[in-house]
Amino acid sequence: MTPPPEHRRAPAAVVLGRTADAIAAATLDEEGAELARTEVAASELSAWVAGVEQMSSPRWVWNDAPRWYGTLLADGVRVARCHDLRLCHAILRDSALVAESAAVRRDARWDAAPHAAEESSAPALFELDDTQSSVGPPGDLDEALAELTRQREAIAGSADPARLRLLLAAESAGALLAEELRAAGVPWDAREHDRILAETLGERPPSGGKPAKLVAAGDRVRAALGDPGASLDSQPKLLRSLHRVGVMVESTSRWELAEQEHPVVAPLLEYKRLSRLLSANGWTWLDEWVSEGRFRPVYVPGGVVTGRWASSGGGALQLPRQLREAVRADPGWKLVVADVAQLEPRVLAAMSSDAALAAAARGRDLYAGIVDSGAVGTRQDAKIAILGAMYGATTGQSGRLVPRLRRAYPRAMGLVDDAARTGEDGGVVSTWLGRTSPPPSGAWSAAQSHATEAEASGADETRARRWARDRGRFTRNFVVQGTAAEWALAWLADLRGRLWALPTVDADHAAPRSGPVFGSRAHLAFYLHDEVIVHTPAELADAAARAVTDAAAAAGRLLFGDFPVDFRLDVRVSDTALKD
DNA sequence: GGCGAGCGCGCG
DNA sequence: AAAGCGCGCGCTCGCC
């Protein structure tokens with residue numbers, strides 16, 4: 001079928017790059033052939049992108065999403081699709097699906113770290129001449145076009161182009177979403193945060209000193225140690241103080257202290273709890289990271305080798321449960337808080353086609369299903385056994401339970417056991433969609449080969465074996481954690497589209513602090529591995545909750561087709577992100 | 001005074 | 001109880 005001419009001329013993709021004083025854009029057709037080239041003044045870029053987006057909704061191709069999209073969003077421009085060259089390069093470079101000879105593997109300039117996230121208020125972004133910048137991947141149009149060509153060739157020549165396309169689309173959607181999450185921010189009630197701090201630590205001290213309850217806890221510890229001058233914040237000193245009063249621990253970690261019977265233990269654990277809250281998420285954090293009712297963390301898509309996101313600054317991925325009450329919808333808005341129950345074992349069931357494990361998970365708590373199958377006796381045992389199987393536990397209760405799972409779910413356990421063996425042998429493993437683990441380091445390989453030589457000492461052999469097992473546990477977990485991250489990206493990408501399709505609200509119901517794009521509509525506000533928070537006008541909360549659930553089902557089908565595994569969500573509509 | 005390592009602990 | 005995976009960050013301390 002021949003499409004009408006006007007459709008053929010509509011660009012399938014637009015590649016953006018920079019010149020010394022403007023933006024250069026190339027429009028491409030479906031096959032990647034260049035249709036036209038345009039120059040746009042930097043100050044006009046957002047308006048130009050908005051127009052093209054409305055007309056043809058192309059896939060925007062750029063070197064690095066943070067470099068482009070933050071400013072577009074600040075200008076009120078949202079795009080539907082992109083291809084993030086930096087992120088896709090990293091995947092293709094390492095993927096076992098890609099031919100060894102592929103040119104994309106050999107251009108180290110695209111191995112660059114991401115650009116630091118721009119302040120959304122930075123007006124000079126598009127004025128900067130960063131074509132010569134030493135930070136981030138190459139910035140000019142011809143470089144971007146050349147890299148895109150290399151990537152298209154690598155995909156087309158790969159062992160599974162369809163999977164890779166899915167992975168790269170999901171990764172790129174994540175790149176968009178990371179900027180959107182930052183633009184919208186987590187709705188944060190600073191007064192509630194302050195109330196929690198004051199209740200736990202005592203009132204905020206005027207000049208950055210220690211709050212009263214922390215001081216009091218410290219005094220109780222020093223009294224129990226019989227040493228008014230004891231230093232509690234220095235691990236070596238604290239350890240010596242504990243030894244002096246007969247608490248013979250090897251570390252000062254919480255779990256080891258908790259095993260001890262001594263009057264110092266309770267106040268010390270309390271002191272540690274308060275001290276942690278103050279230093280990690282106290283008033284200093286609040287001042288630095290929350291403004292105008294929003295926490296705007298910096299997400300780093302693909303920041304973890306497995307494909308999980310990392311974060312940079314603000315500790316976005318470590319928000320303590322204690323502070324969830326400070327996550328609070330704007331007036332007239334609601335939060336939809338949803339997390340996946342037992343994501344990783346469900347993913348493992350699907351990727352290994354383990355029908356028995358999938359059946360245990362279907363329509364219920366997966367751990368309860370394992371108990372019902374008779375493999376283990378209690379829910380707690382099931383949880384410990386599953387975690388042990390995915391992490392490679394060999395000792396303790398977990399190590400004892402894993403063999404029972406191996407009998408009950410041989411396909412699932414076979415998959416992770418194979419991944420571990422491959423890693424121990426120095427090989428690489430891949431996720432369901434083709435993200436591949438890094439090869440072993442030079443030191444690792446040298447240690448392994450040295451251990452087989454005649455002059456190797458027993459210590460050499462012991463060390464080599466330990467490193468091999470360490471790597472086996474890493475590759476064992478890589479396939480599951482990485483595939484779970486792919487499922488989560490598919491979930492997010494689908495949800496992002498569903499939320500965008502919901503109606504917008506009138507200006508008098510808007511949440512302007514979520515920015516010009518998202519202030520008038522339900523939007524994603526937070527994402528953490530297997531959990532999302534949607535901030536939505538109250539009247540759309542039910543629709544948003546349905547979108548979250550429907551997106552999870554769609555993600556399961558997209559990755560695993562008809563394989564009968566379900567991804568159960570706990571979904572709550574509430575004013576706060578508090579978990580029960 | 002800057003920098004990296006080690007510790008400990010928050011999250012999944 | 002932690003064990004077995006993946007992170008980021010604040011703190012101290014030794015080194016330069």
Side-chain angles (χ1 to χ4, degrees), chain A residues 210 231-240 249-260 268-269 271-282 284-285 288-289 297-324 339-345 347-348 380-381 383-402 405 416-417 419-420 423 429 431 435 437-438 466 469-485 487-488 526-532 577 579:
Chain A
K210 288 191 173 184
S231 169
L232 308 184
D233 298 325
S234 159
Q235 194 266 358
K237 290 176 185 167
L238 177 59
L239 196 59
R240 282 196 293 275
V249 286
E250 289 182 21
S251 75
T252 62
S253 66
R254 199 180 50 189
W255 66 266
E256 198 178 352
L257 288 167
E259 289 177 338
Q260 303 294 317
L268 180 52
L269 293 181
Y271 176 85
K272 281 167 163 278
R273 191 177 69 84
L274 302 186
S275 175
R276 164 81 193 185
L277 178 63
L278 177 66
S279 69
N281 295 101
T284 306
W285 183 91
E288 183 175 359
W289 287 100
V298 179
Y299 294 95
V300 185
V304 181
V305 279
T306 58
R308 275 188 174 182
W309 288 12
S311 70
S312 163
L317 276 47
Q318 309 145 248
L319 288 180
R321 287 172 160 273
Q322 218 177 348
L323 289 180
R324 282 184 158 260
D339 64 275
V340 194
Q342 306 105 25
L343 174 59
E344 291 189 353
V347 159
L348 174 58
Q380 187 60 18
D381 281 359
K383 183 174 181 176
I384 288 171
I386 282 286
L387 292 177
M390 294 190 308
Y391 294 163
T394 55
T395 62
Q397 193 183 355
S398 186
R400 286 194 297 278
L401 288 165
V402 170
L405 286 190
V416 286
D417 288 344
V429 296
T431 61
R435 193 187 305 262
S437 67
R466 191 180 72 241
R469 281 195 300 265
D470 288 348
R471 187 155 192 281
R473 285 193 304 275
F474 166 66
T475 52
R476 168 189 293 273
N477 187 248
F478 180 96
V479 294
V480 181
Q481 186 184 120
T483 303
W487 182 91
F526 187 67
Y527 160 57
L528 180 54
H529 306 322
D530 64 356
E531 174 183 7
V532 296
K579 289 192 179 176

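Throughout, protein chains are lettered first and strands after them, A, B, ... in sequence-line order, and every chain is numbered starting at 1.
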Compare the minimum distances between each of [options] and the side chain of [X], then state the nucleotide with the smallest one.
X: A393(A); options: dG4(C), dA3(C), dG6(C); value: dG4(C)
X: K237(A); options: dC13(C), dG6(C), dC5(C); value: dC13(C)
X: P320(A); options: dT12(C), dG4(C), dC11(B); value: dC11(B)
X: S279(A); options: dC11(C), dG12(B), dG4(C); value: dC11(C)
X: T394(A); options: dC11(C), dG4(C), dC11(B); value: dG4(C)
X: R276(A); options: dG8(B), dC5(C), dG10(C); value: dG8(B)
X: N477(A); options: dA1(C), dG8(B), dC5(C); value: dC5(C)
X: D233(A); options: dG4(C), dT12(C), dG6(C); value: dT12(C)

Working to the nearest 0.5 angstrom, can you tell me the gap between [X] [atom1] and [Y] [atom2]?
X: L528(A); Y: D339(A); atom1: CG; atom2: CG; answer: 10.0 Å
X: Y391(A); Y: S398(A); atom1: OH; atom2: OG; answer: 10.5 Å
X: R469(A); Y: R466(A); atom1: CZ; atom2: CZ; answer: 8.5 Å
X: R473(A); Y: D470(A); atom1: CZ; atom2: CG; answer: 4.5 Å
X: S312(A); Y: L317(A); atom1: OG; atom2: CG; answer: 11.0 Å
X: H529(A); Y: W309(A); atom1: NE2; atom2: CH2; answer: 11.0 Å

Enter syn or anti for the glycosidic conformation of dG4(C), syn applying to angles within 90° of 0.
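What dG4(C) shows is a syn base, its glycosidic angle lying within 90° of 0.
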Between Q322(A) and N281(A), a side-chain donor and acceptor under 3.5 Å
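No, no side-chain donor-acceptor contact under 3.5 Å.
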D470(A) or P236(A): which one's nearest nucleotide on DNA chain C is closer to the 5' end?
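The 5'-side residue here is D470(A).
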Please figure out whether G399(A) or H529(A) has its closest DNA chain C nucleotide nearer the 5' end.
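The residue whose closest nucleotide sits nearer the 5' end is G399(A).
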Give the rounded distance in Å between these two atoms: [atom1] of [X] and [atom2] of [N].
X: D381(A); N: dA3(C); atom1: CG; atom2: P; result: 18 Å
X: Q322(A); N: dC9(B); atom1: CD; atom2: P; result: 14 Å
X: L387(A); N: dA2(C); atom1: CG; atom2: P; result: 14 Å
X: I386(A); N: dG12(B); atom1: CD1; atom2: P; result: 19 Å
X: L274(A); N: dG10(C); atom1: CG; atom2: C1'; result: 16 Å
X: R469(A); N: dA3(C); atom1: CZ; atom2: P; result: 16 Å
X: R321(A); N: dC9(B); atom1: CZ; atom2: P; result: 18 Å
X: E531(A); N: dG6(C); atom1: CD; atom2: P; result: 22 Å

Which nucleotides of DNA chain C pair, in dot-bracket form (Watson-Crick or G-U under 3.5 Å, | meaning another strand):
....||||||||||||
Between E344(A) and K383(A), is there a side-chain N and carboxylate O pair less than 4.0 Å apart?
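K383(A) and E344(A): not salt-bridged.
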Please determine whether a side-chain nitrogen of the Lys or Arg among R321(A) and E531(A) lies less than 4.0 Å from a carboxylate oxygen of the Asp or Glu.
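Salt bridge absent between R321(A) and E531(A).
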Over all heavy atoms of both residues, which pair between S251(A) and E256(A) is shortest? Give the atoms and the distance, please.
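Looking at all heavy atoms of both residues, the shortest contact is OG-OE1, 2.8 Å.
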Do the side-chain N or O atoms of [X] get closer than 4.0 angstrom to the phosphate oxygens (OP1, OP2) of [N]?
X: S234(A); N: dC11(C); answer: no
X: R254(A); N: dG10(B); answer: yes
X: Q235(A); N: dG8(B); answer: yes
X: T252(A); N: dG8(B); answer: yes

Below 3.5 Å, does any donor atom in the side chain of Q397(A) face an acceptor in the base of dA1(C), or the other way round?
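No, the side chain and the base share no sub-3.5 Å donor-acceptor pair.
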Do the side chains of T431(A) and F478(A) get nearer than 4.5 Å, heavy atoms only?
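In contact.
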Tell me what [X] touches on the nucleic acid: a base, only sugar-phosphate, or nothing, going by heavy atoms under 4.0 Å.
X: S253(A); answer: sugar-phosphate
X: I384(A); answer: base
X: R308(A); answer: base

With a 4.0 Å heavy-atom cut-off, tell me which residues in residues 310-318 of chain A come close to DNA chain B, sorted by residue number.
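Residues of residues 310-318 of chain A under 4.0 Å from DNA chain B: L317(A), Q318(A).
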